[in-house]
There are 2 protein chains.
Amino acid sequence: MSNKDIFIEKLKASGLRPTKQRIAICKLLFQRKDTFHFTINNLNNILKNSSVEKISLATIYNTIHVFKKKGYLKEISINSYKSYFDTNVTHHHHFFNESTNEIIDLKDSDVGKIKIKKVIPGKKIKTIEVLVKIENSN
Amino acid sequence: MSNKDIFIEKLKASGLRPTKQRIAICKLLFQRKDTFHFTINNLNNILKNSSVEKISLATIYNTIHVFKKKGYLKEISINSYKSYFDTNVTHHHHFFNESTNEIIDLKDSDVGKIKIKKVIPGKKIKTIEVLVKIENSN
DNA sequence: TAATTAATTTATAATGATTCTAAAGTAGTG
DNA sequence: CACTACTTTAGAATCATTATAAATTAATTA
């Protein structure tokens with residue numbers, strides 16, 4: 001199965017028709033080796049330059065939100081200034097480099113077991129997310 | 001020293017003149033036993049009802065941001081939809097109740113030691129923040 | 001205390017991100 | 001090919017936040 005076919009599958013599974021705009025977005029997001037952290041604004045800039053297709057902002061927002069709902073993308077909360085998305089949808093954690101505003105993935109296995117000693121009656125833990133803020137060590 | 005005097009001190013330390021609007025904001029934020037998690041919108045609503053003073057949104061934004069910069073308030077990143085502030089400025093963590101959107105403090109000592117097994121060359125860890133998402137266990 | 005100066009408050013405008021809308025275009029189906 | 005439903009798009013609408021500039025108030029000085 002070609003990459004393009006995989007993208008078409010992803011789109012169909014998300015209830016979206018495979019259009020050239022959406023396929024261009026898929027290429028940008030999923031045709032890469034490493035995980036990709038991005039903002040909508042990032043995506044828009046890259047697509048404006050790289051892609052042959054002219055893709056409107058509304059289409060980008062739409063597609064990203066559907067992928068997020070479907071679980072093909074994760075949204076990361078680092079700070080209130082920007083909204084980041086992540087192509088790594090496995091359970092994992094993040095470094096945030098406060099000197100450069102760069103996000104780096106931290107594998108689940110790179111974080112030791114976390115013990116939560118407080119229990120909230122009637123609630124159960126759904127997920128534990130760790131954000132490690134780093135800065136230049138000089 | 002009365003509460004009001006403490007508020008005046010806080011304001012002065014932040015480089016702000018003690019006006020009645022700012023003192024009303026201080027009362028709301030700091031005259032309480034438990035930590036307070038809020039959005040600007042929350043604050044505005046409470047002030048609109050509770051306080052004798054008419055306080056404009058611009059004043060609220062201004063004051064909150066100065067307090068944040070001074071370290072009298074912390075901003076918490078839970079999700080991209082809302083921007084929350086916290087009157088607890090010690091190092092600590094949070095539960096986020098996804099059923100109710102409620103934030104609950106988790107004391108530093110309620111979280112076991114966290115081992116980060118990955119090192120980023122040239123960077124040092126500034127802080128480690130844990131967000132525990134919970135839901136009804138029905 | 002009155003006068004002066006500088007900071008503050010406020011309503012409103014400006015901005016920026018995101019969402020909505022409705023007209024024009026395109027994919028899927030028979 | 002024709003039809004229908006889904007998409008795309010530009011631009012408008014909305015919402016949170018920030019900026020602005022005139023009116024008000026606090027602090028300072030005489």
Side-chain angles (χ1 to χ4, degrees), chain A residues 4-5 7-29 37-48 51-70 73 75-85 101, chain B residues 4-5 7-29 37-48 51-70 73 75-85 101:
Chain A
K4 189 172 169 185
D5 288 340
F7 301 154
I8 291 176
E9 280 311 305
K10 271 192 144 81
L11 286 166
K12 284 189 176 164
S14 308
L16 296 177
R17 283 187 182 170
T19 63
K20 48 194 173 161
Q21 290 89 344
R22 288 174 180 158
I23 289 173
I25 294 174
C26 283
K27 275 186 188 153
L28 185 47
L29 296 181
H37 301 113
F38 63 91
T39 65
I40 297 284
N41 189 39
N42 285 343
L43 258 196
N44 189 222
N45 288 332
I46 301 174
L47 285 167
K48 236 180 353 206
S51 175
V52 191
E53 311 301 338
K54 202 275 174 231
I55 304 183
S56 79
L57 246 191
T59 298
I60 298 176
Y61 272 102
N62 267 330
T63 307
I64 296 307
H65 283 148
V66 175
F67 280 158
K68 182 191 163 191
K69 186 181 283 179
K70 179 66 182 175
L73 291 174
E75 193 165 6
I76 325 174
S77 291
I78 301 283
N79 59 41
S80 62
Y81 311 116
K82 284 183 173 179
S83 185
Y84 294 93
F85 293 88
N101 277 20
Chain B
K4 188 172 169 184
D5 288 339
F7 301 153
I8 292 177
E9 280 312 306
K10 271 192 144 81
L11 287 166
K12 284 188 176 164
S14 308
L16 296 177
R17 285 186 181 171
T19 63
K20 48 194 173 161
Q21 291 87 343
R22 288 173 179 159
I23 290 173
I25 293 174
C26 283
K27 275 186 189 154
L28 185 47
L29 296 181
H37 301 113
F38 63 92
T39 64
I40 297 286
N41 189 40
N42 285 341
L43 258 196
N44 189 224
N45 288 332
I46 300 175
L47 285 166
K48 237 180 351 207
S51 175
V52 191
E53 312 302 336
K54 201 277 172 232
I55 305 183
S56 79
L57 246 191
T59 298
I60 297 176
Y61 272 102
N62 266 329
T63 307
I64 295 307
H65 283 147
V66 175
F67 280 158
K68 182 192 164 189
K69 186 181 282 178
K70 179 66 182 176
L73 290 173
E75 193 165 6
I76 327 174
S77 290
I78 301 282
N79 58 42
S80 62
Y81 310 116
K82 283 184 175 181
S83 184
Y84 294 93
F85 293 89
N101 278 18

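These values consider heavy atoms only, across backbone and side chains, with no hydrogens, waters or symmetry-generated copies. For clarity, every value in this text was computed on a predicted model and none was experimentally measured. Sequence lines set the chain letters: A, B, ... in the order given, protein chains first and strands last, and positions in each chain run from 1.
Inter-residue side-chain proximity for B:Ile78 and B:Asn101 is flagged as unmet; no heavy-atom pair is nearer than 4.5 Å. Proximity of A:Phe67 to A:Ser14: side-chain heavy atoms (C-beta onward) are separated by under 4.5 Å at one or more points. Between A:Ile23 and A:Leu11, the closest side-chain pair of non-hydrogen atoms falls below 4.5 Å. Using a 4.5 Å heavy-atom threshold, the side chains of B:Tyr81 and A:Glu75 count as touching.
Nearest nucleotide to the B:Tyr61 side chain, out of D:dA16, C:dT10, D:dT9: D:dA16. Comparing C:dA7, D:dG11, D:dC6 against the side chain of B:Arg17 picks out C:dA7 as the nearest. Distances were taken from every side-chain heavy atom of A:Gln21 (C-beta onward) to each of D:dT17, C:dT10, D:dT8; the shortest belongs to D:dT8. Among D:dA27, D:dT8, C:dT9, the nucleotide with an atom closest to any side-chain atom of B:Arg22 is C:dT9.
Straight-line distance from the CD atom of A:Glu75 to the P atom of C:dA17: 15 Å, rounded to whole Å. Atom CG of A:Leu16 is separated from atom C1' of C:dT26 by 15 Å (rounded to the nearest Å). Between the C1' atom of C:dT19 and the CD1 atom of A:Ile64 lies a distance of 15 Å, rounded to the nearest Å. Taking atom CD1 of residue A:Ile40 and atom C1' of nucleotide C:dT19, one finds them 12 Å apart after rounding to whole Å. Whole-Å rounding puts the B:Ile60 CD1 to C:dT9 P distance at 11 Å. Rounded to a whole Å, the OH atom of A:Tyr84 is 12 Å from the P atom of C:dT18. Atom CD1 in A:Ile55 sits roughly 15 Å away from atom C1' in C:dG25 (whole-Å rounding). The separation between A:Leu57 atom CG and D:dT7 atom C1' is 16 Å, rounded to whole Å.
Between A:His65 and the phosphate of C:dT19, there is a side-chain N or O to OP1/OP2 separation shorter than 4.0 Å. Residue A:Lys54 has a polar side-chain atom (N or O) positioned under 4.0 Å from OP1 or OP2 of D:dA10. OP1 or OP2 of D:dT8 lies within a sub-4.0 Å distance of a side-chain N or O belonging to A:Thr19.
Toward the 5′ end of DNA chain D lies the nearest nucleotide of B:Ala58, the other residue of the pair B:Pro18 and B:Ala58 mapping further downstream.
The closest donor-acceptor contact from the side chain of A:Thr59 to the backbone of A:Ile55 lies at 3.5 Å or more, if one exists at all.
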